[in-house]
2 protein chains.
Amino acid sequence: MDDPRTGPSPTLRDVATEAGVSAATASRALNGSTRNVSAEKVALVLQAATKLGYAPNLSAQAIARGSTETVALIVHDIADPYFSSIAAGAIDGAEAAGLTVTMAVTGRSPERELEIVSTLRGHRPHAIILAGSRVGDDQTALADELRTYEAAGGRVAVVSQPGLPYGTVTVDNRRGAEDLAAALLAQGYRRFAVLRGPGRHRTSHDRAEGFRAGLARAKIDLAPGMVVETDFTEDGGHAAMTDLLGRGLAGVELVFAVNDVMAVGAVRALRDAGLVPGTDLAVAGFDDISAATDVAPALTTVGVPTHAMGRRAIDLALTGTDKGEVVWLPTNVILRDSTPPRDTGPARR
Amino acid sequence: MDDPRTGPSPTLRDVATEAGVSAATASRALNGSTRNVSAEKVALVLQAATKLGYAPNLSAQAIARGSTETVALIVHDIADPYFSSIAAGAIDGAEAAGLTVTMAVTGRSPERELEIVSTLRGHRPHAIILAGSRVGDDQTALADELRTYEAAGGRVAVVSQPGLPYGTVTVDNRRGAEDLAAALLAQGYRRFAVLRGPGRHRTSHDRAEGFRAGLARAKIDLAPGMVVETDFTEDGGHAAMTDLLGRGLAGVELVFAVNDVMAVGAVRALRDAGLVPGTDLAVAGFDDISAATDVAPALTTVGVPTHAMGRRAIDLALTGTDKGEVVWLPTNVILRDSTPPRDTGPARR
DNA sequence: ATGAAAGCGCTAACAT
DNA sequence: ATGTTAGCGCTTTCAT
């Protein structure tokens with residue numbers, strides 16, 4: 001009937017009383033400064049703490065110390081594998097630094113994002129990590145909010161969203177697409193089409209242009225009608241591919257979709273049209289989501305180190321010195337069965 | 001040179017001073033009790049707050065009020081689509097209730113889980129949500145930790161982990177597999193094999209046994225060698241399927257893998273063996289992960305409402321009265337091309 | 001080495 | 001309607 005593990009959370013004072021010492025000593029025993037407290041009392045305090053099931057009130061610590069042990073992570077959609085992988089990396093990094101992660105999702109709404117930054121700021125986190133690529137609209141309100149956070153000593157890092165004046169971890173989409181183009185040329189492909197996303201989307205733009213640039217090096221260019229703008233989704237890829245097929249391929253051998261989900265949609269469209277993906281028409285994507293290896297044929301794509309991006313963002317925020325530092329993480333071309341080597345006989349010069 | 005948005009975070013006192021009122025009035029103006037403060041001063045305070053970029057120190061609020069506005073979410077692996085979807089649901093639910101989510105991942109380590117619960121307890125969250133199915137080992141330490149948390153007024157809810165004495169949201173794996181079996185029987189299938197996970201894993205067990213029970217209703221049983229135990233992963237599915245093929249199918253028409261990733265592995269194994277999945281051998285899975293529709297042929301499976309599970313867990317924790325209440329969310333059988341209807345001629349009785 | 005006391009930013013009686 | 005005052009749980013001088 002005197003179970004210590006009952007009632008409201010035990011406080012430091014409870015522990016101190018239980019151990020027969022002052023709160024100050026208890027605090028010292030539990031924290032770093034074990035130095036100035038006798039081994040005997042340390043043992044007593046520790047024992048009392050476990051007996052009572054004591055867990056320090058982090059809010060109280062935060063306010064007394066003037067700093068917290070948390071980092072805030074903001075993503076657009078945690079169910080999206082791209083973001084969940086970034087989140088996993090960020091959480092790893094945070095835990096390695098002994099920090100707890102608080103998280104919020106924007107649902108891709110800029111207003112919501114702003115609101116969230118404001119709320120999160122109230123937690124006084126060590127750092128705020130913003131993950132997600134903006135659609136390119138006005139961000140002054142967000143920038144303001146972040147500025148006052150930073151002015152108060154907060155650290156900010158951004159993942160894949162160059163444009164904000166903070167440490168940024170990103171991937172060279174342009175270069176990745178260029179590399180992909182080169183690899184595909186080496187496989188023997190010469191005639192291409194591109195499925196890209198809505199005009200304003202920066203990532204889409206960079207990838208499409210990078211691909212074009214890669215081809216240009218081999219003096220190959222994209223026929224005007226062969227760049228189709230569509231939704232950044234699987235259905236978008238399906239629709240665009242269907243459209244392309246309807247208009248006639250005109251000799252196109254390979255379709256590059258600016259992301260894997262669109263590519264998967266394109267593959268489905270091919271199959272729906274009675275064609276064999278890979279054989280009748282090659283397909284390549286970008287991102288290397290896990291579905292890329294699940295589809296048949298497995299999808300040639302460009303790997304993006306999402307986990308590493310999350311982790312680096314934490315590092316950048318925590319240790320970063322250079323405000324506007326941009327870390328470019330390398331992508332890697334992954335050739336799979338959706339773009340088999342093409343026999344270009346000696347006839348082709 | 002006197003930019004207010006500079007230096008350390010402005011405090012309530014700063015706002016009060018700026019507005020020419022007392023801290024108490026500022027507090028009242030900013031919070032609910034707008035009633036007892038003149039509209040005039042409210043305006044003044046609000047104005048001062050925005051001018052200074054004030055964001056209340058949530059830690060201080062928490063300690064003064066004796067309660068926080070956060071809920072803690074613990075998942076095994078946020079990069080796993082199953083958990084990220086649950087997390088998305090939980091975050092939705094939390095935000096609807098005006099709560100911030102703190103998150104930590106266990107990496108499937110029971111020790112880590114324990115450690116995390118202990119740390120998180122320090123945040124004094126409204127509720128702790130535990131997501132993930134235990135492998136069935138000793139959980140007394142965890143139970144202890146949770147008990148003291150609950151004794152202090154914390155709420156606990158568990159997702160898909162029946163066995164802990166807290167509100168639990170789960171899915172009837174047994175029933176889902178039974179339904180699947182019935183649906184497949186209706187499609188005309190009669191001879192089955194099962195790919196299941198390691199023995200102790202409860203989910204795996206329930207699904208395998210449910211499937212067996214479903215077949216038993218039609219007086220069909222699983223040949224002894226036709227239940228293969230393997231890893232709960234894609235490679236596990238691949239290996240088990242390959243093994244099965246090596247030993248001879250003995251007329252088996254359909255393979256049920258207890259989760260989709262294993263099923264995807266099985267599909268790959270079939271293709272590697274030169275067989276056509278769906279046509280030469282039907283395959284069904286469980287979970288309805290997004291990859292299920294990406295593979296070819298699209299995978300017949302049992303849908304699990306992960307998002308809803310996360311959301312319900314929050315509701316349960318926040319409003320739940322009944323300690324040990326268990327919410328069973330319905331699964332749904334989804335027939336796709338990997339299990340085409342089978343023509344069982346009239347010859348078959 | 002240890003305790004007493006002040007203070008972190010805020011809220012909530014308690015006055016007025 | 002508003003200001004004063006006393007905490008909330010903890011850390012950290014400052015004494016001893």
Side-chain angles (χ1 to χ4, degrees), chain A residues 7-46 48-49 52-70 119 121-125 152-154, chain B residues 7-46 48-49 52-70 119 121-125 152-154:
Chain A
S9 293
T11 70
L12 181 63
R13 203 185 230 84
D14 295 335
V15 174
T17 306
E18 175 77 26
V21 300
S22 75
T25 303
S27 173
R28 289 189 271 249
L30 294 170
N31 301 337
S33 3
T34 318
R35 258 200 215 223
N36 302 342
V37 54
S38 70
E40 186 195 11
K41 308 227 159 183
V42 169
L44 244 40
V45 171
L46 258 37
L52 299 181
Y54 174 72
N57 183 321
L58 265 23
S59 290
Q61 282 192 324
I63 178 180
R65 298 214 251 247
S67 72
T68 57
E69 301 287 75
T70 66
T119 306
R121 206 147 67 72
H123 283 292
R124 304 284 186 269
Chain B
S9 292
T11 71
L12 181 63
R13 202 186 229 83
D14 295 335
V15 174
T17 306
E18 174 78 26
V21 301
S22 75
T25 302
S27 174
R28 287 189 274 250
L30 260 15
N31 301 336
S33 3
T34 317
R35 257 197 216 228
N36 302 341
V37 55
S38 70
E40 186 194 12
K41 307 228 158 184
V42 170
L44 243 40
V45 171
L46 257 37
L52 299 181
Y54 174 72
N57 184 322
L58 264 23
S59 291
Q61 282 192 326
I63 180 180
R65 298 213 252 245
S67 73
T68 57
E69 301 287 77
T70 67
T119 305
R121 209 149 64 73
H123 284 292
R124 304 285 186 271

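Quick note on labels: first sequence line is chain A, next is B, and so on, each numbered from 1.
A straight line from CG of L12(B) to P of dA12(C) spans 12 Å, rounded to a whole angstrom. Note: CG (N31(B)) to C1' (dA12(C)) measures 11 Å, nearest angstrom. For the pair R28(A) CZ and dA1(C) C1', the interatomic distance rounds to 8 Å; values are reported in whole Å. Per the geometry, CG belonging to L44(A) stands 10 Å off P belonging to dT2(C), to the nearest Å. In this structure, L30(B) places its CG atom 15 Å from P of dT2(D), rounding to the nearest Å. Distance, R13(A) CZ to dT11(D) P: 13 Å, rounded to whole Å. Put simply, NE2 on H123(A) is 17 Å from P on dG9(C), counting in whole angstrom units. In this structure, CG of N36(A) is placed 17 Å from P of dA15(D), rounded to the nearest angstrom.
Near DNA chain C, meaning a heavy atom under 4.0 Å away, the residues from residues 15-22 of chain A are V21(A), S22(A). For the contact set between residues 54-66 of chain A and DNA chain D, defined by any heavy atom under 4.0 Å, the members are Y54(A), P56(A), N57(A), A60(A), Q61(A), I63(A), A64(A), R65(A).
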Enumerate, atom names and distances included, each donor-acceptor pair closer than 3.5 Å involving a side-chain atom of residues 55-70 of chain B, sequence neighbours excluded.
{"unit_1": "N57(B)", "atom_1": "OD1", "unit_2": "S59(B)", "atom_2": "N", "d": "2.9"}
{"unit_1": "N57(B)", "atom_1": "OD1", "unit_2": "A60(B)", "atom_2": "N", "d": "3.1"}
{"unit_1": "Q61(B)", "atom_1": "OE1", "unit_2": "R65(B)", "atom_2": "NH2", "d": "3.4"}
{"unit_1": "T68(B)", "atom_1": "OG1", "unit_2": "R124(B)", "atom_2": "O", "d": "2.5"}

Please tabulate, one pair per line, all N/O donor-acceptor pairs under 3.5 Å involving side-chain atoms of residues 9-17 of chain B, not counting sequence neighbours.
{"unit_1": "T11(B)", "atom_1": "OG1", "unit_2": "R13(B)", "atom_2": "N", "d": "3.2"}
{"unit_1": "T11(B)", "atom_1": "OG1", "unit_2": "D14(B)", "atom_2": "N", "d": "3.3"}
{"unit_1": "D14(B)", "atom_1": "OD2", "unit_2": "T11(B)", "atom_2": "N", "d": "2.8"}
{"unit_1": "T17(B)", "atom_1": "OG1", "unit_2": "R13(B)", "atom_2": "O", "d": "2.7"}

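For R124(B) against dG9(D), no side-chain N or O and base N or O form a donor-acceptor pair under 3.5 Å.
Contact check, S27(A) against dT11(D): a side-chain N or O comes under 4.0 Å of OP1 or OP2. Within the structure, every side-chain polar atom (N or O) of K41(A) is placed at least 4.0 Å from both OP1 and OP2 of dA1(C).
T119(B) is linked by a side chain to side chain contact (heavy atoms under 4.5 Å, CB included) to T100(A), counting only residues two or more places apart in sequence or in another chain.
Direction of the helix axis in the helix from dA1(C)-dT16(D) to dT16(C)-dA1(D) shifts by 40° between the two five-pair termini, rounded to 10°.
Here the nucleotide nearest the side chain of T25(B), chosen from dT2(D), dT4(D), dC10(C), is dT2(D). With dA12(C), dA1(C), dC10(C) as the choices, the nucleotide that has an atom nearest any side-chain atom of S38(A) turns out to be dA1(C).
Smallest separation of non-hydrogen atoms from E18(A) and A48(A): CG-CB, 3.4 Å.
With a 4.5 Å cut-off on side-chain heavy atoms, L30(A) and L46(A) count as touching.
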